[in-house]
Each structure stands twice: as C-alpha cells, then as structure tokens.
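Presented below is the structure to which this report refers.
The model shown is predicted, which means the values in this text are computed figures rather than measured ones.
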Amino acid sequence: MAQYRARQIRLDLWIIAALTLMGALRVGVAWAPQYRWWLIPLGLAVVLLLAASALPWTRIVRHTGVRGWLSAWYAAALTALYAFNQFDDDGLAIYPAGAIVIVVAASAVFLPRTLLGLGLFAEAGYLTLAVTTPQPNPVLVMSLSMVLIVVTGLCALTAHSRRQQDTDRAVAERRTEAMLENGSDAVLAISDGGVVFASSSSGRVLGRDASQFTNETMVAMTHPDDLARISAWMLDLRAAAPGHTERIDSRCQHADGRWINVQVTGTNRLSDPHINAVVLTIRDVSEQKALEGELTRQAFQDSLTGLPNRALLGDRMNQAVARNLRSGGRVELLLVDLDDFKKVNDTLGHSAGDELIQAVATRMSGCIRPADTLARLGGDEFAVLVENLDDLELAALAERLLEIVRLPVRVGNRDLVTTASIGIASAKITHTATEADTHELLRDADLAMYAAKTAGRDRYVIFDESMYADALQEAEARLRLEQALADDEFVVHYQPIVDLPSGRLIGVEALVRWQHPERGLLGPDTFIGLAEQTGLIVPLGHWVLAESCRQVAAWHSDVPGAEQLRISVNLSARQFQHMDLVADVAGVLRDSGIDPGRVVLEITESLLMRDTDATISTLRELRDLGLHIAIDDFGTGYSSLSYLRRFPIDILKIDKAFIDGIATDPDDATLAEAVVQLGRALRLQTVAEGIENVDQHSLLSALGCTYGQGYLFARPAGSAQIEALLRHSDNTPVSEDWWSTPEQAGPPG
C-alpha cells in the first residue's frame, strides 16, 4: 500500500511539474514583457517538483501526519494556480483546466472527503477569479464551474470505489498473511535479485525473521552435503516451463543450530509479471522422517533383541548372493533353534523367556565376525548368515554356538540351562543364481535343523538332498491325507467289547480305517502318525466320533436288544488339547441323538500328566455332558494313585502288553491282577485289551476283570457285519463262529 501511494505521489509531482512548465511556456509566449518575471518562480517550481519526486516517498508516507501535509501541498498548488490566472487574460478558461488536473491527480492519493474539500476549494477559487475579472462571460463561467463540480464528484466516487477496493485487498492480504503466519510451511519467493518475499511463518518454521532471508542466508542454512544437489535442483527449476513444480528433500539448519529435515516444493513463476520469482514452500518433516525411520527399524529389526529380523535377513541374503556372483563364492546359513524353549515360557512366564532370548542373542553376537549377520526369525529361532567358510570352519562355528547356548543364564534368582539344535545349509553361487536360491537356502537349513532335533537335539546337522526328498514326500502324504478326508475315504470299523464272565456283547470300540482307492484298506499305523503330526487328527477324530455315535444311535433304535450297546472312541492328545473339544463333543451328542451314557471317550495314560489342572477341568466338563471316561493302555504311563483319585475316570483299559504273557509269565499275571484290584478299589470298571486265547480269558475272569476285547471274540469289522452280529447274537456269547474269515474284518485295531 505504501509503495502504491508513493508511486502516485511521484506521478502527481510530474503532472504538476508539467502543468507548471506549460504555464511558463504561456508566460513566455502570451504575456506582456513586464510580467516575464513569472518565469523565475515557475522554473524554480519545476525544479523543486522534479527534485521532490526523487524523495523516498515509500518511507515518508508511512509516517503519521504526512497526509495532512500532502493535503496542504495540493491546496497550495491550487492557490498558485489561482495566483497565476489573476495575471492571465484567459484565466477563466485556463484555471478550470488546471484545477481539474490537480483534483484528478489528488484523487489517486486522498480519501473522498479530502478530495471533496479540494474540489470545493478549487470551485471557490474559480468563482473568486470570476468575480474579480472585469466583464466575465457568465455562460462560460457557469459551464466551466459545472464541469469542475462534476469532475470533482466523479473523482470522489472513484476515490471511494478505490478506497473500498483497497480495503477489500487489505483484508484479503491480511487473511492470506494470517493463514501463512499460522501455516505449517515457510513460503519464500526468490528472484534474480535474491529473496524478495518471506512469509511470517518462516520465523516459526526456520527460526529466522522474514527480513533475514538472503541468498547468502539460504546457502548457509543448507546442509553442506546437500548444497550441490539443491543448487542443481534450483537451476533445473528455473529453466523449467512456467508453472512447473518440483519437490526435493533436504536438511536445513534452524536458527537454534539444530539440523531439521525439510521438504521443499518449488514452482517456477518467473514468467508471471506480478511475481517474477521461484516460489519455495518449505515444510519441516523432521517428525515424519523420524517416524519413517522408526517404522523402517520396526520393519527390519527385531523389537526384543535389536537384531535383524526375517525381512532384513532375506535382503542380506540377496546381497550376499549378488556379491558372490562374480567370484563364485559360497553363502552359508545356520539356523539355530533353542530346545524346549516353550517349557520356559509355560513354567516361568514370558518375561523369563524374553530374558533368556536376549542373553542368548547377546552371546551369539559375540562369537560371529563383524561381516556376518545374526538375525532373529521369531520365537526362539535365530539365523546366522556367513560367506565363504569351508566345512571345518562351519563346523567350528556351529560348535561355538552350541557351547555358548549351553552356558547358564541367570534369570531372576535361578540359572536356566538350555541347548540348541542347528541346521546348516550352503550354496555355491553361480551366474544363474536368483533370489529363489535364498529361499531354498533357508528351507534347507530349516530341514537340517529339524533333523538335528529328531536326532536328539543339542547338535548340528548339515543339510543333504535326502532331507528335501523326505520333506517333499511328507508334504505329498499330508496333501493326500487332506484329500482323503475331503473325499470321505475313511471308514469306521468296530471291535466288540464283551462281558468276560458271560461273553455277552456290551459295546464296541470305534477304529478308523482308510479305504485307499489304490492300496485298499489301510490300518491306522499307516496314517495316524502323520495325522497327529500335521494336526489333521482333529478333524479326522471329530469325524470318527460323529460317525460312530450316529451308527450306534441307529443300532439302538433299529436293532432289538441293542439299546444298551455302548461305543468307545479314542481321543488323541491333539484332540484333547483342542480348545473347542467340549463344544464339539456336545454337538455330536446332540446331532446324533445318542444317549450320552452310552458313550465312552478313551484317553491315554500319558495325556493325564500334561497340565494336570487343565486336564481335570476338561475331563469334568466332558463328564458333565453325561458320557464316561476311560484310560487307554493303562500301565504303560507314569500316573500315580493320587492322580487316579483326582481324575474323573470311569474305566481302566489294561494294555495288551500285560495280557500277552498273563497265562505264562507270573509277573504279567501279578501286574494284571494289581490293575484289576486297583480298579476295584477305586470303583472303576476294567477292560482287558488283546485277549487272543481261552487261557487269557479264563485267568482274567478269575481275577475279576469286568470286560475284554480281542481276537478271541472278534476282529474289528464294518458296520454291516457288526449289525449282523447284533441281530444274530440275541444276548448269546460272542464267539469266532459269526466271523467267516479274518480278512473280511480288515487289519487289526
């Protein structure tokens, strides 16, 4: 605003100087010689006016009170004009023209009120001049007087409109300035002459007042390592098309001395006549950069140990492959897994487990080379990436790792001792190596590590191709097992359970078989182990329970005399640990409609010893459904009498290993008798498994064993054959007579 007023004042001075020069010209041409002395003051006036135009009006107009002096100066100009026309014969015609010029010039500087005052002052002067002039032309005076009044009014209206426009512009500028001041960015305009504009927000963002920004300041603020890059970027931006925008990241020194990360957005406005500069928007992105750094650290660094994680290990492995492409070197990976680490978490808590992991990580870091990479892959699994070690050096490194893992770790008030299993894999890098090779290296080390665990733990194993073949075969077997479950290739066979004194059929045990489309009927020894290992035993066991309960419920309703038949179904350890076991069993009982009292769930003796309180809770929930619980293979585990008293158990099943020699070995007979007496003392039923001859049957009956099953009575058979037996027996003793050939029943249970 001050610059605008300063320009207008200079322009008015030039206009009035020109008007004065025209007056001097008229004196010289039209005035009588005795009045030529007017040339002297008029010339001096021209000189003074031109000299006044050179004053620093931008600074002058900012001072208070200058507006009053300017009003007096314009009034003085009108007075001088009046005095001049007192001596001119054509003053009545010249005065209005000069007054109009002065009023119009003043309209660019003054408010409407001041301008009206100057107009009235000019009008008063004109009327005075008309009165003092002999024989004036009334029409001319009236006409020019009206013109002067009209011009004054128009100038006042123009001044008012311009004043309103200036107010609106000032409000907009103030609004823009306030937005810039409160914005998060510093805005600078840089022309050929340097920094021509800096927003007030620059002080908050960069710590410097807007007036402090110069080319030298900008250079000094830029980080020395970024200076060349920023200079090239500015040159490219200045040479770019008008309106082109570029962005660059840099480091800038704040006024307090600290370095901050900034993002600079530049736009080429050199072709814009109103701007004629490159406009830079500077944003402090230090917090954003810090957050990105933290996210990057979290993405590639293990939060517990600070070691590289799996993602960063993969990147390091790719880099190692790339480094060894030309030299044909080797890349080796050692996969280290702590043995029985889960027991630490389960018994001492996860905080103790974390302390153990941190201690082991620190120790392993101390026994590798600086160029090697130690990474934590998750849980208790680590990896060591090395390059170009021979077999002896690899073995020595593995031994060192095993040794430092064995060292006791002080956690709280106790020393923890652990061991590790290490799998080693290596790859010779050739020109055909790809990123897939790094995945294979990790896979091979993993297979070798599991081989070390299988071999007894606390050792290392070097990968060989047979391990991959075995793993592939296992994966194919799992896939085939999954497909068999989906295609309903499994069937349930049932082995009768009889009352030993009478030989009467009282129940059946459900035994699963695989009706393989190519290999025929397969016994459980060919697939149960794999199902346990892969977890498929859970859906398979659920299917066996549902199918056998459905079948026995159908016999209860369709076969006369079979209403009391009970069904025994084995629960695997994986099934028992399944969180939805109780709900699944309840659902099977509900869907099949079977009387829960006719259902017996069999669990192994060793399963009882796992997490005793949780086991008791689960068994009680199952008992609350109304079914019965049996301990299968009793005598082969480690349960004590106190545990048996605590567990909600109904039946003890004597393992076949004790039955085989019962008629020939006095020790086996003594053990069998002890189990029977134990069951009687605890009010438990006893079932002898694997009875194959009459002597075993007779001796067990004499000992008081309640029930039995085995080849002496029947082999496992399909549902149709069991139904035929139920309809045929009519509560008569079960014998081998009902069975035509052993092969019809399939493999033994």
Side-chain angles (χ1 to χ4, degrees), residues 176 179-301 308 311-312 314-316 318-320 322-323 325-326 370-371 373:
T176 302
M179 292 175 65
L180 288 174
E181 181 179 356
N182 295 300
S184 59
D185 302 339
V187 180
L188 305 177
I190 302 177
S191 68
D192 294 334
V195 180
V196 296
F197 172 80
S199 65
S200 56
S201 58
S202 303
R204 186 180 64 261
V205 177
L206 302 175
R208 290 172 173 82
D209 187 75
S211 62
Q212 295 178 318
F213 286 96
T214 63
N215 284 345
E216 292 75 14
T217 305
M218 298 296 292
V219 171
M221 290 168 55
T222 305
H223 196 282
D225 295 343
D226 298 340
L227 188 57
R229 183 168 56 91
I230 293 296
S231 298
W233 178 78
M234 279 293 294
L235 289 175
D236 292 342
L237 185 59
R238 294 178 68 87
H244 181 74
T245 298
E246 285 286 350
R247 182 174 296 168
I248 192 171
D249 291 338
S250 178
R251 287 164 291 178
C252 178
Q253 190 173 36
H254 194 273
D256 59 13
R258 58 189 172 91
W259 290 99
I260 60 175
N261 291 289
V262 295
Q263 184 180 81
V264 184
T265 302
T267 303
N268 187 335
R269 298 294 185 188
L270 292 170
S271 61
D272 189 330
H274 301 292
I275 301 176
N276 191 28
V278 172
V279 179
L280 303 181
T281 302
I282 304 174
R283 173 171 296 180
D284 183 357
V285 293
S286 299
E287 292 185 4
Q288 177 181 334
K289 289 290 185 181
L291 179 59
E292 290 175 357
E294 177 62 19
L295 292 176
T296 301
R297 187 192 66 77
Q298 293 179 6
F300 294 103
Q301 190 177 80
L312 185 54
D315 182 67
R316 297 276 178 88
N318 293 334
Q319 293 178 22
R323 275 195 301 271
L325 276 176
R326 293 184 178 180
T373 296

*asked:* Is there a side-chain contact between I282 and C252 in this structure, where contact means two heavy atoms from C-beta onward sitting under 4.5 Å apart?
replied: no
*Between M218 and I230, is a side-chain contact (heavy atoms from CB on, under 4.5 Å) present by the stated rule, with each step listed?*
CA-CA 11 Å; M218 298 296 292; I230 293 296; over 6 Å; no
*ring pair (Phe, Tyr, Trp, His ring centres under 6.0 Å) contacts in which one or both residues fall within residues 221-243, not counting sequence neighbours*: H223-W259
*Taking it one step at a time, do T265 and R283 satisfy side-chain contact (heavy atoms from CB on, under 4.5 Å)?*
CA-CA 8 Å; T265 302; R283 173 171 296 180; over 6 Å; no
*D185 side chain to T281 backbone, donor-acceptor under 3.5 Å*: no
*Heavy atoms, side chains only, cut-off 4.5 Å: are Q288 and N261 in contact?*
no
_Interatomic spacing from CD1 in I260 to CE in M221 - rounded to 0.5 Å_ = 7.5 Å
*Any side-chain heavy-atom pair from E246 and D236 closer than 4.5 angstrom?*
no
*Kindly give the heavy-atom pair with the smallest separation between V195 and F213, and that separation in Å.*
CB-O, 3.5 Å
*Apply side-chain contact (heavy atoms from CB on, under 4.5 Å) to A277 and list each qualifying residue two or more places apart in sequence or on a separate chain.*
A189, S191, V196, I275
*How far does CD of Q253 sit from CG of L206, to the nearest 0.5 angstrom?*
11.5 Å
*Would you indicate whether the side-chain heavy atoms of L280 and M234 approach each other to under 4.5 Å?*
yes
_Which residues pass the side-chain contact (heavy atoms from CB on, under 4.5 Å) test with A311, not counting sequence neighbours?_
F300, N309
*Quick one: list whatever passes side-chain contact (heavy atoms from CB on, under 4.5 Å) with T267, sequence neighbours left out.*
T245, R269
*R229 CZ: over 12 foreign heavy atoms closer than 6.0 Å*: yes
*Using side chain to side chain donor-acceptor pair (under 3.5 Å) as the criterion, list what pairs up with D249, not counting sequence neighbours.*
K289
*Atom of H254, atom of V205 and distance for their closest heavy-atom approach*: CD2-O, 3.4 Å
*asked:* If I compare all heavy atoms of A240 with all of N268, which pair ends up nearest, and what's the gap?
replied: O-ND2, 3.0 Å
*salt bridge (charged side-chain N to carboxylate O under 4.0 Å, His left out) contacts in which one or both residues fall within residues 252-267, not counting sequence neighbours*: D256-R258
*Quick one: closest heavy-atom pair of P242 and S271, and the distance?*
CB-OG, 3.1 Å
